[in-house]
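Step one of this worksheet: look at the structure below.
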Amino acid sequence: MRYDLVIFDNDGVLVDSEPISNRLLAGYLTELGHPTSYEESLRDYMGAAMHRVHDLVEERTGQRLPDDFDDVFHARVFAAFERELKPVAGAVDVLERLVADGVPYCVASSGSHARIRTGHRATGLDEWFEEQWVFSSEDVGRGKPAPDLFLYAAEQMGVAPERCVVVEDSPLGVRAAVSAGMDVYGFTAMTPAERLSGAGQLFGDMRELPDLLV
């Protein structure tokens, strides 16, 4: 394959978590007096770290979210993951192919380490990721769209940014990868292709990815 490292986003790319988490986020914000539809949650928060939720709500309303907002939200999400979460169709096929071809890979997610690991355990993906291959926005000062997370992942994996490809499904993630000087492939299963226009490649079925990387 043409790259020395494949960096996966997690939510929506490896685990089919975006419908669950955005449904719960929209419901919780609405419950707190900040009416938000599922579609608005996807538009505004998909691929973002939690600080973006706090920042946008305060910017728009002048009100701060409760101090325990993250804890309550994550408890709801983790419980739903245990009941509902599945891997993205074709994700395991891609990981099997990368292992067979000897291509290093890792995950770099806006979610917390606890969220990543909860999702991976619930879907069985944990067997594919060593602890040292998992990177979170918690590891850096700024989450996506800043390039910090992807640059940190590449550094920790010992690969130059220009030898990395990022697999992303959010506009914020695509911007972060481009800013990091990495190639980025946009996964359009949930996101309209025009919102991922900064990606060098677009694809809608995860099973297509290995052949695109050759």
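All values derive from a computational prediction rather than experimental measurement.
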F150 side chain near F135 side chain, heavy-atom distance below 4.5 Å: no

hydrophobic_cluster_shared for L196 and F8, side chain cutoff 4.5 Å: yes

Side chain proximity check, L32 to Q63, heavy atoms < 4.5 angstrom: no

Test: E31 and R76 ion pair at under 4.0 Å: yes

Minimum-distance pair of heavy atoms, taken over all atoms of E18 and G47: OE2-N, 3.9 Å

Contact check, side chains of V167 and D9, non-hydrogen atoms, under 4.5 Å: no

Option passing side chain to side chain contact (heavy atoms under 4.5 Å, CB included) with Y185 (candidates V165, L202, V174, D169): V165

R97/D93 salt bridge by N-O under 4.0 Å criterion: no

Cluster check M46, F73: I/L/V/M/F/W/Y, side chain < 4.5 angstrom: no

Crowding at CG, D68 (>12 non-hydrogen neighbours, <6.0 Å): yes

Carboxylate-amine/guanidinium contact E138 R115, below 4.0 Å: no

The single option from V134, L14, I116 passing side chain to side chain contact (heavy atoms under 4.5 Å, CB included) against S109: I116

Within-4.5 Å side-chain heavy-atom neighbours: H34 and L65: yes

same_hphob_cluster(L172, L42) at 4.5 Å side-chain heavy-atom cutoff: no

Lys/Arg-Asp/Glu bridge criterion (N-O < 4.0 Å) met for K86, D16: no

Note, D44 side chain near L56 side chain (heavy atom, < 4.5 Å): yes

Contact check, side chains of L5 and Y3, non-hydrogen atoms, under 4.5 Å: no

Y28/F69 aromatic ring centres below 6.0 Å: yes

Contact check, side chains of E127 and H120, non-hydrogen atoms, under 4.5 Å: no

V6 with V92, same ILVMFWY side-chain cluster at under 4.5 Å: yes

Side chains of V15 and N10 in contact at under 4.5 Å (non-hydrogen atoms): yes

Other residues, nucleotides, ligands: >12 heavy atoms within 6.0 Å of R64 CZ: no

Stepwise side-chain contact (heavy atoms from CB on, under 4.5 Å) check, R117 with R121: CA-CA 6 Å; R117 281 306 185 187; R121 283 193 300 269; 3.6 Å; yes

